[in-house]
Amino acid sequence: MVGPADLSVAMGLTGGAAEPAVQEGIARVRAAAAESGTPVMTIVNAPPQAAAAPPGLIVYNLAHVLLTAFRTLTETRPAP
């Protein structure tokens with residue numbers, strides 16, 4: 001498992017999974033796992049990310065999912 005946010009912080013970066021160095025690190029871990037036949041656990045925020053994830057365990061970041069749902073609800077709420 002590679003947590004993009006955790007890896008970003010450990011690398012001293014603030015952009016999370018969007019950081020090119022983080023993406024490169026994740027790709028290296030996935031390649032090593034594939035080479036050794038080790039399953040990979042991927043943390044995703046949405047179904048499109050899950051569809052693009054390599055074979056293995058897929059875990060949804062529920063904090064992100066819930067915050068997005070709450071944000072959508074407040075944005076679509078009619079003004080009093």
Side-chain angles (χ1 to χ4, degrees):
M1 175 187 97
V2 179
D6 296 329
L7 181 58
S8 177
V9 170
M11 296 173 80
L13 304 170
T14 59
E19 294 278 0
V22 172
Q23 293 174 9
E24 181 182 319
I26 291 169
R28 288 189 1 236
V29 169
R30 287 181 177 169
E35 186 176 315
S36 69
T38 303
V40 175
M41 182 171 83
T42 305
I43 302 170
V44 300
N45 296 331
Q49 289 177 320
L57 178 64
I58 296 173
V59 176
Y60 280 84
N61 178 344
L62 293 181
H64 179 82
V65 172
L66 288 173
L67 288 172
T68 300
F70 292 146
R71 190 176 306 114
T72 302
L73 288 171
T74 59
E75 291 170 356
T76 58
R77 182 177 166 200

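Computed over heavy atoms, backbone and side chain alike; hydrogens, waters and symmetry mates excluded.
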### Task
Taking all heavy atoms of I43 and all of G3, pick out the closest pair and write down the distance.
CD1-CA, 4.2 Å
#### Entry: Nonpolar side-chain network containing F70, other nodes, edges under 4.5 Å
L66, L73
#### Entry: For T72, side-chain hydrogen bond (donor to acceptor under 3.5 Å, both in side chains) partners two or more places apart
none
### Task
May I have all residue pairs that pass side-chain hydrogen bond (donor to acceptor under 3.5 Å, both in side chains) and include part of residues 54-65, sequence neighbours excluded?
none
For residues 8-23, tabulate all N or O donor-acceptor pairs below 3.5 Å that involve a side-chain atom, not counting sequence neighbours.
{"from": "S8", "atom 1": "OG", "to": "L13", "atom 2": "O", "distance (Å)": "2.9"}
{"from": "S8", "atom 1": "OG", "to": "G16", "atom 2": "N", "distance (Å)": "3.1"}
{"from": "E19", "atom 1": "OE2", "to": "G15", "atom 2": "N", "distance (Å)": "2.9"}
{"from": "Q23", "atom 1": "NE2", "to": "A17", "atom 2": "O", "distance (Å)": "3.1"}

### Task
For L57, enumerate each residue passing the side-chain contact (heavy atoms from CB on, under 4.5 Å) test, keeping only those at least two apart in sequence or located in another chain.
M41, V59
### Residue pairs involving residues 29-46 (criterion side-chain hydrogen bond (donor to acceptor under 3.5 Å, both in side chains); sequence neighbours excluded)
S36-T38
### Task
Report yes or no: do V29 and V40 belong to one cluster of Ile/Leu/Val/Met/Phe/Trp/Tyr joined by side chain heavy-atom distances under 4.5 Å?
no
